[in-house]
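Since the structure comes first, as C-alpha cells, the remarks are kept for the end.
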Number of protein chains: 2
Amino acid sequence: MSNDIYDMYASIFKALAHPTRLKIIELLATHGEMCVCNIGEKLNIDQPSVSKHLSVLKNVGIIESKKQGLTVNYKIRMPCVVDFLRCANEVIKADLNDKFALSRKMIAEIKEEK
Amino acid sequence: MSNDIYDMYASIFKALAHPTRLKIIELLATHGEMCVCNIGEKLNIDQPSVSKHLSVLKNVGIIESKKQGLTVNYKIRMPCVVDFLRCANEVIKADLNDKFALSRKMIAEIKEEK
DNA sequence: TTCCTATATGCTAATATTGGAATATAGTTA
DNA sequence: TAACTATATTCCAATATTAGCATATAGGAA
C-alpha cells in the first residue's frame with residue numbers, strides 16, 4: 001500500500017493523541033451535537049483552545065460542523081473512535097489490575113521474609 | 001472520570017500516531033508473531049529504529065513480546081486497533097471519493113462556462 | 001451603521017518527538 | 001573463555017506540537 005495512506009492514518013491518530021480532544025469526543029459521544037461554547041463550559045477550557053482542538057479533529061474527518069446562526073455545532077462523524085476508546089479502556093483496566101495484583105504479591109512476600 | 005485515564009488514552013493514540021508504527025501493526029496483524037529482524041527486513045528499516053518503535057507500542061500495551069533464544073517475537077495484544085484502522089480506512093476512502101467527485105464537478109462547470 | 005456574541009486564527013516560547021549514528025546488552029556458539 | 005548475532009539503549013540536532021494570549025471574522029440585534 002502507498003505511504004500516503006499510512007500518513008493519513010497517522011494524522012488521524014495524531015489528532016486523537018491529546019487528552020482534551022478525547023474529552024471533547026466523549027462529550028460529543030454522550031451529548032450528540034454540541035456548540036463550541038457548551039463544550040468549553042463543560043470542560044472548563046477557554047474558547048480559543050476549544051476551537052483549535054475542534055479544528056484539529058475536523059481536519060482529519062473525525063468530527064463535522066454545522067453553522068446555525070451565531071453558533072457552530074459539532075458532532076462525531078467517525079463512530080469507531082468511540083468503539084476503540086471502549087476497547088482501549090478494557091486493556092487499560094486489565095493492565096492496572098495486573099499491576100495491582102503484582103504489588104500485592106510483592107508486599108505479601110516482603111511480610112513473609114520477616 | 002479522572003484526568004489520568006485521558007492521559008492514558010492519549011498515550012495509546014500517541015503511540016499509534018506514526019506511519020512506521022502503523023505499518024508494523026499491519027504487518028503483525030497479517031503475519032501474527034514476528035521477530036525484530038523480520039519486521040526490519042519487510043519494511044526496510046534499520047534495526048535500532050524498529051526496536052525503538054516496537055518499544056513505544058509495547059509500553060502502552062498495544063503489542064507484547066516473548067523472548068525465544070536470541071530473537072524476540074512481537075505480536076498484537078490490542079486487536080481493536082486493527083478494527084479501528086479498517087473503519088478509518090472506510091472514512092478516508094469516502095472522503096477521497098467526495099473530493100474526486102467535487103473536482104470533477106468543478107471541471108465540468110469550467111468547461112460549460114466557455 | 002454600531003455594538004455584541006460566538007467562533008476562528010495568528011503569534012511565540014516552552015515542550016515533546018523524531019531520525020540517525022554510536023554504543024550497550026544478553027544469549028549462543030565455538 | 002572469546003567471538004558472534006539479535007536486540008535494546010543513549011545521545012543529539014532537527015522538527016513538530018502545545019499553551020496562552022492577542023486579535024480577527026462573521027452573523028445578529030439595536
Side-chain angles (χ1 to χ4, degrees), chain A residues 3-4 6-25 27-28 31 33-77, chain B residues 3-4 6-25 27-28 31 33-77:
Chain A
N3 270 328
D4 295 341
Y6 290 100
D7 287 339
M8 286 183 189
Y9 287 148
S11 67
I12 291 177
F13 285 114
K14 214 170 282 185
L16 292 166
H18 194 291
T20 302
R21 291 198 284 270
L22 293 173
K23 286 182 199 172
I24 289 174
I25 286 171
L27 209 55
L28 293 178
H31 289 74
E33 234 171 76
M34 282 182 85
C35 69
V36 179
C37 54
N38 285 348
I39 295 170
E41 272 172 30
K42 282 268 187 187
L43 300 181
N44 202 27
I45 309 171
D46 62 296
Q47 178 273 317
S49 284
V50 177
S51 273
K52 261 191 283 189
H53 284 306
L54 286 169
S55 88
V56 172
L57 291 170
K58 188 186 168 186
N59 282 337
V60 297
I62 297 172
I63 60 176
E64 61 189 332
S65 67
K66 194 172 52 179
K67 206 165 217 166
Q68 284 178 328
L70 269 182
T71 69
V72 179
N73 280 7
Y74 285 86
K75 70 175 173 185
I76 291 180
R77 187 171 159 260
Chain B
N3 270 329
D4 294 341
Y6 290 100
D7 286 338
M8 287 185 187
Y9 287 147
S11 66
I12 291 176
F13 285 114
K14 215 170 281 183
L16 292 166
H18 193 289
T20 302
R21 293 198 283 271
L22 294 173
K23 285 182 197 171
I24 290 175
I25 286 172
L27 210 55
L28 293 178
H31 289 74
E33 232 171 78
M34 282 182 88
C35 69
V36 180
C37 55
N38 285 347
I39 295 169
E41 272 172 30
K42 283 271 187 184
L43 300 180
N44 202 28
I45 309 170
D46 63 295
Q47 178 272 316
S49 284
V50 178
S51 274
K52 261 192 288 187
H53 285 306
L54 286 169
S55 85
V56 172
L57 292 171
K58 189 187 167 188
N59 283 337
V60 298
I62 296 172
I63 61 177
E64 60 188 334
S65 67
K66 193 170 54 179
K67 206 166 219 165
Q68 285 178 327
L70 267 183
T71 68
V72 179
N73 280 7
Y74 284 86
K75 70 174 176 186
I76 290 180
R77 188 170 158 261

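Proteins come first, then strands; the chains are lettered A, B, ... in the order of their sequence lines, and each starts at number 1. No hydrogens, no waters, no symmetry mates; every other heavy atom, side chains included, goes into these values.
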Could you tell me whether the phosphate oxygens of [N], OP1 or OP2, come under 4.0 Å of any side-chain nitrogen or oxygen in [X]?
{"X": "A/Ser51", "N": "C/dT7", "answer": "no"}
{"X": "A/His18", "N": "D/dA19", "answer": "yes"}
{"X": "A/Lys52", "N": "C/dA8", "answer": "no"}

In whole angstrom, what separates [X]'s [atom1] from [N]'s [atom2]?
{"X": "A/Gln68", "N": "D/dA26", "atom1": "CD", "atom2": "C1'", "value": "16 Å"}
{"X": "A/Ile24", "N": "C/dT7", "atom1": "CD1", "atom2": "C1'", "value": "14 Å"}
{"X": "A/Ile63", "N": "C/dT7", "atom1": "CD1", "atom2": "P", "value": "13 Å"}
{"X": "B/Phe13", "N": "D/dT17", "atom1": "CZ", "atom2": "C1'", "value": "18 Å"}
{"X": "A/Lys67", "N": "D/dA26", "atom1": "NZ", "atom2": "P", "value": "8 Å"}
{"X": "A/His53", "N": "D/dT17", "atom1": "NE2", "atom2": "P", "value": "13 Å"}
{"X": "A/Ile45", "N": "C/dA8", "atom1": "CD1", "atom2": "P", "value": "14 Å"}
{"X": "A/Asp46", "N": "C/dT7", "atom1": "CG", "atom2": "C1'", "value": "13 Å"}

Are [X] and [Y] close enough that some pair of their side-chain heavy atoms sits under 4.5 Å apart?
{"X": "A/Phe13", "Y": "B/Leu22", "answer": "yes"}
{"X": "A/Thr71", "Y": "A/Asn38", "answer": "no"}
{"X": "A/Ile63", "Y": "A/Lys58", "answer": "yes"}
{"X": "B/Leu43", "Y": "B/Val50", "answer": "no"}

For a quick check of understanding: with a heavy-atom distance under 4.0 Å over all strands, which category does B/Thr71 fall into, base, sugar-phosphate or nothing?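 It contacts sugar-phosphate atoms only.
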When you match A/Pro48 and A/Leu70 each to their closest nucleotide on DNA chain D, which lands nearer the 5' end?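 So the residue in question is A/Pro48.
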With nearest nucleotides of DNA chain C determined for A/Tyr74 and B/Arg21 from heavy-atom distances, which residue corresponds to the more 5′ nucleotide?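 With A/Tyr74 and B/Arg21 compared, the 5'-side residue is A/Tyr74.
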Work out which heavy atom in B/Val60 is nearest to a heavy atom in B/Ala15; give both atom names and the distance.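 So the minimum-distance heavy-atom pair works out to CG2-CB, 3.6 Å.
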Does the D/dA6 base have a donor-acceptor partner in the side chain of B/Gln47 within less than 3.5 Å? no
